[in-house]
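Chain letters run A, B, ... following the sequence lines, proteins first, then strands; residues in each count from 1. Side chains included, hydrogens not; waters and symmetry mates left out as well; all remaining heavy atoms used.
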Number of protein chains: 2
Amino acid sequence: MKLSSQAQAFVLHFGEMGSRWGFNRTVGQMFALLTIHSEPVNADQLAEALKISRGNVSMGLKELQAWRLIELHHQPGDRKDYFTAAGSIWDLARTVFEERRKRELDPTLTLLRQLLLTEPRDEQESESQKKIQEVYSLLEMLDQFANTLSKLDEKDLLKLMKLGSGLSKLLELKSRAGGKKADTKK
Amino acid sequence: MKLSSQAQAFVLHFGEMGSRWGFNRTVGQMFALLTIHSEPVNADQLAEALKISRGNVSMGLKELQAWRLIELHHQPGDRKDYFTAAGSIWDLARTVFEERRKRELDPTLTLLRQLLLTEPRDEQESESQKKIQEVYSLLEMLDQFANTLSKLDEKDLLKLMKLGSGLSKLLELKSRAGGKKADTKK
DNA sequence: CTTAACTTTCAGAAATTTCTGAAAATTGTA
DNA sequence: TACAATTTTCAGAAATTTCTGAAAGTTAAG
C-alpha cells in the first residue's frame, strides 16, 4: 500500500475538497484512494496508508457504503473484507450526482410542499407564500431535470455534455420542429 | 421584522441545509430571510430576527456578498446599510450554481492538470496517472457543460429542463440530422 | 476638526464535528 | 462448542468551525 507521490497528492486533495462534496476529510481520502487504486484494499491497509485509526476507517467505509460508492469483495483464504470503488469513474460520478440530489434537494422539497399546504392568514403570510411557491417551482423543476439526466445512458449524456453552443441551436430546432408540448405551453 | 411562522420555518430550514449548500447555518438563514422578504433589511434587523450577534451578521453579509447573492441599498436619510437578495429566485439559483461550480470544480481541475504534467516514473505511477486522467476528463467535461448551461438564457434553460424524456429523443434527432461534429468523432 | 452613527475585526468562548482506541459484537473455522 | 480473527461501536479527546461582544475602524454631518 505504498502510494506514488501523485496518488498521495490526489488523495490529500480529495480530503480537502471532501467537505465541499458532502463528506468529511478522511472519507474523501478513502474514496480517492479506492478510486485510483484498482486492486481491492482492506481496512488495515487504508488505516496505514492514510494514517488514521482503525475505528475511523470502519466508520468511513460505512458512510461510503451508504453513498453506494464502494463494493465489498473477498480474497480466497483471507477473512478480511476488501473494498474497491463501485464501478468506473463515470459510474462513480453518476452516483455522487444522484446521492447529492437526494440529500440536497429532497428534504427541501418536502418542507416547502408542506409549507404550501397551510393557508396564508394575512397579507404578510401571503407574500411569503408567494416566494415559497417560486422557490418550490424552481427546485422541483431542477429535481426533475436532474432525474432526467440520471436516466440518460452514457452515450446520450456524453453527447449532451459535448454539445457546447450547439445546445441552444438544438433547442431552437426543437421549437421549429414543433416538439410534442410546444403548442400546449400556456 | 416579525416573521410569519411560514417564513420562520423556511429560514430555519435553510439554516439547517446551509452546510450542504456550501455555507454555514447563520449565513443560510440570512440568505433565506433576504430571499422571502422583498423589502430591504439592515444588519440590526437581521441580528434581531435571527437572534444572532451583530458581529456574526457582519461576517455573514460579507460572505453573501462574496457569493454575489445580495445587494446593498441605502434608504434616504438613513445611514444604515440595507440589503436585498440579488435578483429573482431564478437569478439567485443561477448564481449559486455558478459559484458552486467555481468552488467545487475549479480547484480540483487545477490540481489534476498539474499532476498530469509530471511524467510517471514507473508502472505504479503510470497506473495512477491513467486514473487521474480519467477523472480529469470527466470533471473537465462536466465543468464545460455547467458553463454551457450557465450561458443559456432563461427561456432556453426552462425549455431544456422541461424536456423530460423528450431530451433523449432530441439527442437522437440530432444524430440523425448530422450535427456538426457527428462525423468528426473518433 | 469633532462627534456620533454605523460597520468591521478578531481573540477567545461555545458549539459542533471528527477521530481515537479500547471494549463489545460478530463471524468463520475447527 | 470454543476460539481466534476481524469488524463495529461509542465515550471521551482532539480538532475544527462558528459565534460573541468589546474594541478598533470608518464615514457622514455639522
Side-chain angles (χ1 to χ4, degrees), chain A residues 1 11-34 40-67 70-84 103-104, chain B residues 1 11-34 40-67 70-84 103-104:
Chain A
M1 263 286 70
V11 165
L12 290 179
H13 178 81
F14 269 68
E16 280 157 28
M17 294 300 284
S19 60
R20 298 196 187 171
W21 282 90
F23 20 72
N24 69 33
R25 180 170 50 227
T26 46
V27 171
Q29 291 178 352
M30 289 170 60
F31 179 46
L33 176 38
L34 291 172
V41 175
N42 68 40
D44 288 326
Q45 293 175 311
L46 283 170
E48 192 210 336
L50 305 177
K51 313 228 184 297
I52 59 179
S53 74
R54 186 58 188 69
N56 199 1
V57 170
S58 182
M59 294 188 298
L61 288 170
K62 206 171 67 173
E63 176 149 14
L64 285 172
Q65 280 174 310
W67 277 79
I70 58 174
E71 258 168 21
L72 175 61
H73 300 272
H74 283 108
Q75 315 266 304
D78 188 341
R79 282 172 59 179
K80 287 198 176 71
D81 291 344
Y82 283 77
F83 297 89
T84 59
R103 290 158 200 242
E104 296 177 10
Chain B
M1 261 290 70
V11 165
L12 291 179
H13 178 81
F14 269 68
E16 281 158 27
M17 293 300 283
S19 60
R20 296 194 189 175
W21 282 90
F23 19 74
N24 69 34
R25 180 170 49 226
T26 47
V27 171
Q29 291 178 351
M30 291 171 58
F31 178 45
L33 177 39
L34 291 171
V41 176
N42 68 41
D44 288 327
Q45 294 175 309
L46 282 169
E48 193 209 336
L50 304 177
K51 311 226 186 298
I52 58 179
S53 75
R54 185 63 186 67
N56 199 0
V57 170
S58 182
M59 294 187 296
L61 288 170
K62 206 171 69 174
E63 176 149 13
L64 286 171
Q65 282 176 308
W67 278 78
I70 58 175
E71 260 167 20
L72 174 61
H73 301 271
H74 283 107
Q75 315 266 307
D78 188 340
R79 283 174 58 182
K80 287 197 175 73
D81 291 345
Y82 283 77
F83 296 88
T84 59
R103 291 158 200 243
E104 297 178 9

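Along DNA chain C, the nucleotide closest to B:Asp78 and the one closest to A:Lys51 are compared, and the more 5′ of them pairs with B:Asp78. Residue whose closest nucleotide on DNA chain C sits further toward the 5' end, between A:Gly55 and A:Arg79: A:Gly55. Two residues, B:Ser53 and A:Met59, neighbour DNA chain D, and the one matched to the more 5' nucleotide by heavy-atom proximity is A:Met59.
Contact detail for A:Leu50 and A:Met30: the closest heavy-atom pair is CD1-CG, 3.5 Å. A:Glu104 and B:Met17 make their closest contact through O-CE, 3.3 Å (heavy atoms, listed as atom of the first residue, atom of the second, distance). Annotation for A:Leu33 and A:Ala49: closest pair CD2-CB, 3.9 Å, computed over non-hydrogen atoms.
When atom types are taken as modelled, the side chain of A:Arg103 and the backbone of B:Arg20 share no donor-acceptor pair closer than 3.5 angstrom.
Rounding to the nearest 0.5 Å gives a distance of 8.5 Å between CD of B:Glu16 and CD of B:Gln29. With rounding to the nearest 0.5 angstrom, the CZ atom of B:Phe83 is 8.5 Å from the CG atom of B:Leu34. Between A:Leu61 atom CG and A:Asn56 atom CG the span is 9.5 Å, to the nearest 0.5 Å. Atom NZ in A:Lys51 sits 15.0 Å away from atom OG1 in A:Thr26 (nearest 0.5 Å).
Residue-level contact check: B:Ile52 touches the backbone only, with heavy atoms under 4.0 Å from sugar-phosphate atoms and none from bases. In this structure, A:Asp81 reaches the sugar-phosphate backbone alone: every heavy-atom distance under 4.0 Å involves primed, P, OP1 or OP2 atoms, never a base.
We find that NZ of B:Lys62 is positioned 11 Å from C1' of C:dT7, with the value rounded to whole Å. Nucleotide C:dC6 holds its P atom 15 Å from the CG atom of B:Leu61, rounded to whole Å. B:Tyr82 places its OH atom 13 Å from the C1' atom of C:dA5, with the value rounded to the nearest Å. Rounded to whole angstrom, the span from the CG atom of B:Leu46 across to the C1' atom of C:dT7 amounts to 14 Å.
Taking a 4.0 Å limit (strictly below) on heavy-atom distances, residues 14-26 of chain A reaches DNA chain D at A:Arg25.
More than 12 heavy-atom neighbours from other residues, nucleotides or ligands sit within 6.0 angstrom of CD on B:Gln75.
With a heavy-atom cut-off of 4.0 Å to chain B, the contacted part of DNA chain D has its first and last nucleotide at D:dT18 to D:dA28.
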